[in-house]
Trainee: 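Below is the structure I would like to discuss, written out as structure tokens.
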Amino acid sequence: MNKPAEAPEQFDAVVVGAGFSGLYMLYRLRQLGLTVKAFDSAGDVGGTWYWNRYPGARCDIPTTDYTYSFDPELEKEWTWSEKYATQPEILDYLRFVADRYGLRADIEFSTSVTSAHWDEQGKRWSIATDRGAQLRCRYYIMASGCLSMPKSLDIKGTDRFAGKVYFTSQWPHEGVDFTGQRVAVIGTGSSGIQSIPLIARQATQLTVFQRTPNFSVPAHNGPAPADRLARLAQDREEYRDAARWSPGGVPVEPTDILGVTASETVARERFEEAWKQGQLFSILGIFADQGVNPASNKIVADMIRERIRSVVHDPETADMLCPKDHYFGTKRPCLDTGYFETYNLPHVRLVDLRRQPITSITEDGIDTADEFFGLDAIVYATGFDAMTGALAAVNATGRDGLSLTEKWAAGPSTYLGLMTAGFPNFFMITGPGSPSVLSNMAVSIEQHVDWVADCLKDMGAEGFETIEPTPLAEAGWDQHVRDCGAITLHPTANSWYMGANVPGKPRVFLPYIGGVSVYRQACDDVVAQDYLGFRRTGPGGERCRDGVIRRMQPDVSLVLQLMAGLGMPPMETLSPDEARAMMAAAAETLPPSPEVGEVTDGMMPGPGGELPYRLYRPASAGPHPVVVYFHGGGWVLGNLDSDDPLCRDLCVQSDAVIVSVNYRHAPEARFPAAAEDAFAALQWTAAHAGELGGIPGQIAVAGWSAGGNIAAVACQLARDAGGPHVSGQLLITPVTDSDMTRPSYTENGDGYVLTTPLMHWFWDYYADPADRSDRRAAPLRGNLDGLPPACVVTADFDPLRDDGLAYADALEAAGTQVRRVRARGHTHTSVTMVGVIISGAPVRAEIAAALRDFFPSRTSLGN
Ligand code: NAP
């Protein structure tokens, strides 16, 4: 008779991992009174710090900050000995924590979870381990680390080598003595850079095989920084709170100095100061724009390269050590102690694998294209399958049999980096889509663990048994994560952040780069909005408030915050002259605008006197199509300068002559002055196209906001007058009607620069109520037959969004070809902020493409 199968043990929660995150998760779950079992494949606690025991292994965030903060008593009982503690000391700390809270009792070491299946009926996870155990649990929590799955070896012949082989990520516990040996280190990331100087002290001969040189700055290790210790002593909780609400999880004062505008002296001073500090967040924060602007980044990168060349004696070796193929910070920079100096030692040699690739590893060494290196030992410091590797390793199967690797075949998809749809009650600590590896892990881990624990507590209190993100919320977060990455230089690098180090891994920017504080706020907001985007179920039914937590482009929200911080009065409380002065002052702070071939100012006749215009000519050989452009400003504000950056951008990107016209403004010249001027400007430009360097007959009109309004009107008037012929109308977030009852006036009426009260202010100055239904004020009310093709740009956070949409609908209904461009996550003004709002660039590129398409004959001429 068969022995009956043992019933699986039941737990409330299973935690995978007993490092920084697993230990704290276990602690919090126990506090909630839940039954928990944790597993770790290691023989003890420590996670990363259990495995990575290579010589020189240290943290690279000051240890004063790389530490738990959840218990003030714990902090009193532990004092770090150095600014950057060694691996043995950090491991001791984690052991101390495990003992202090008696955590080991619930951890099974040397045990890996091999499978996890969601049982939809029983609302439980079924878990199996490599020791044959079967468990059932309600919550399954992966605290398995972001850099814990070593990358598979992808070098030919690795199994042939008969000498000693070591991996920095799995270093022997008894240590290694390289005395008298010929040693190779492959890999120059943080692990290689930390270990190479110490291996060089023992080895008779050390050859470093480098594929990509890395930026590294001296750690200047020593006693813990006095300023941090003083702040901690003064008010520990204030310090920890500042870390929690900082961009990177370490309290640093962010700068607003831009590299592109800083003087050489300021740039040098800031660099020297950061260099002296020996801290990653200092060197990464020399300029506010170094992570997004190539020119600013180059200033920092050049200074680091200068340092490398000043340390390394042999110019050829120094050159090989200088990173040139990626922007500083787009691959994880390193902190080192004597790394570059090591190459001045006579027995240390650097091999550049780009020039001299490895052909194979052999029984007794490494063969390259031109040379053989005889070796006794090889150290692989080749990195990790970062962020997703450990999660994919326990290939969890969620609802309907969907596995995590299937779901993530094209890259991970998560809500807040905490959960993923289709996998109820499955949590990730610092998963992809969270700040994690871009931040001080200790701070991010505590925040994630606290969020999960609080969520489970809330679920218990409200009688829910399952929680899972909705597809809408998850897609929204994924988009936000991508939007944040896209405005930075990160996607340009072949980094492990991008999955580029693992052959075949989808190229996706894995972490969330919006910052620790911004992220924490998003997580808090989700909870405050009744777990927005999560579906919770229980015996009493389900609750789900579906939605997207962050829809705005990250740089747009940053600019809105900065503007709010300036405390400027609402424009509608000012007089027109005061408002004009405020706009002029703001324009002076803008970065340099794009270069065009030529800019000339001139005057053209208008119905009420001469009208100033500014002509932008592309650098390419003419003649060019001509675009007559009308600036924004609610018919009251704006001038040739206010829209100069946008006109330059349009000129460069569309390869058209732009004629920007300064029409008459209200209240000095009320309706219909602006509309009449627009039509007159179109007529004059069409008549003089040849003299202006344009192609006669190839004229389009364009305008932003109120400029879009009069551009649309000019098209209608031209049609009625039988000319001039207009090839296209580009209407950027236009005013098309005086009816302010459309939903966007309510949804977006406040907080996004252009407000509903401000629109009232504009209309009041521009047109009498009786005139506002005139088609020259409200072109939507005009006859829309026979109008030129249109490109209508609408922005999500714009009171005028529905004006644009209504006009696009009406034009289409009248048979006009319409190209709709949605400025996703933008406000009325942000799309036009050239050089300030990076996320507007793709929208402006689409706008320019639409302009070019107005002139197909020119395109077919090959221009
Ligand atoms: P890594 O940064 O990915 O570096 C791996 C190195 O191996 C790179 O130089 C890589 O070159 C090279 N490599 C990989 N495959 C190769 C191949 N087939 N042939 C030749 N070279 C190859 O890995 P890591 O140094 O282990 O560091 C990973 C991350 O862990 C760090 O960025 C950091 O976040 C963390 N870490 C932190 C500390 C600390 O101080 N706290 C210490 C160690 C690690 P390519 O660049 O060309 O791919």
Side-chain angles (χ1 to χ4, degrees), residues 19-20 47-49 51-63 65-66 83-87 89-90 145-158 166-171 184-196 207-217 219 221 278-280 284 320-321 323-326 329-337 339 350-354 356-361 366 368 378-387 389 430 436-442 444 493-503 505 510-511:
F20 253 102
T48 285
W49 301 104
W51 295 107
N52 291 269
R53 298 167 183 247
Y54 59 83
R58 291 176 185 275
C59 61
D60 56 9
I61 296 287
T63 338
D65 300 82
Y66 189 72
K83 176 180 172 188
Y84 297 112
T86 60
Q87 171 271 331
E89 188 175 354
I90 303 172
C146 294
L147 293 153
S148 49
M149 176 58 64
K151 190 182 93 140
S152 310
L153 283 181
D154 50 2
I155 302 172
K156 201 173 147 201
T158 42
Y166 303 102
F167 296 85
T168 48
S169 55
Q170 282 163 358
W171 202 256
V185 175
I186 302 179
T188 50
S190 298
S191 306
I193 282 177
Q194 283 187 334
S195 57
I196 284 164
T207 313
V208 176
F209 291 85
Q210 168 192 275
R211 187 163 68 184
T212 312
N214 229 324
F215 288 100
S216 185
V217 300
N221 199 19
Q279 292 184 30
L280 285 178
L284 286 165
M320 284 196 281
L321 286 165
K324 297 180 200 89
D325 76 339
H326 61 278
T330 56
K331 289 181 93 158
R332 175 67 146 64
C334 308
L335 280 189
D336 71 270
T337 303
Y339 173 65
L350 181 69
V351 174
D352 178 353
L353 293 178
R354 306 247 182 229
Q356 201 176 336
I358 295 175
T359 46
S360 182
I361 294 184
I366 293 180
T368 69
I378 300 178
V379 174
Y380 292 101
T382 43
F384 298 87
D385 182 352
M387 302 208 68
T430 64
S436 57
V437 292
L438 296 173
S439 67
N440 174 2
M441 285 300 279
S444 287
N494 289 321
S495 64
W496 59 255
Y497 295 135
M498 293 294 299
N501 64 329
V502 175
K505 192 166 172 174
L510 296 165

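In each ligand, atom 1 is the first atom listed, and ligand 1 is the first ligand listed. Only a predicted model underlies this, so the values are computations on that prediction, with no experimental measurement involved.
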Trainee: Do Thr212 and Arg354 have side-chain N/O donor and acceptor atoms under 3.5 Å apart?
Mentor: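 Their side chains do contain a donor-acceptor pair, which is all the 3.5 Å distance test asks for.
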
Trainee: Where do Asn214 and Pro323 come nearest, in terms of heavy atoms and distance?
Mentor: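 Taking every non-hydrogen atom into account, C-CG, 3.5 Å.
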
Trainee: Quiz question: by atom type and distance under 3.5 Å, do the side chains of Ser444 and Ser439 form a donor-acceptor pair?
Mentor: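 Indeed, the side chains of Ser444 and Ser439 share at least one donor-acceptor pair under 3.5 Å.
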
Trainee: State whether a side-chain donor-acceptor pair under 3.5 Å links Asp336 with Ser216.
Mentor: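 Side chains of Asp336 and Ser216: pair found under 3.5 Å.
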
Trainee: With ring centroids as reference points, do Tyr54 and Tyr166 lie under 6.0 angstrom apart?
Mentor: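 No, too far apart.
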
Trainee: Looking only at heavy atoms, which two atoms of Met498 and Ala493 are closest? And how far apart?
Mentor: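 Result for this residue pair: CG-O, 3.4 Å.
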
Trainee: Can you work out which protein residues put a heavy atom within less than 4.0 Å of ligand 1?
Mentor: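 Within 4.0 Å of ligand 1, protein side: Tyr54, Arg58, Cys59, Asp60, Leu147, Lys151, Asp154, Ile155, Ile186, Gly187, Thr188, Gly189, Ser190, Ser191, Gln194, Arg211, Thr212, Lys331, Arg332, Leu353, Arg354, Ala381, Thr382, Gly383, Phe384, Trp496.
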
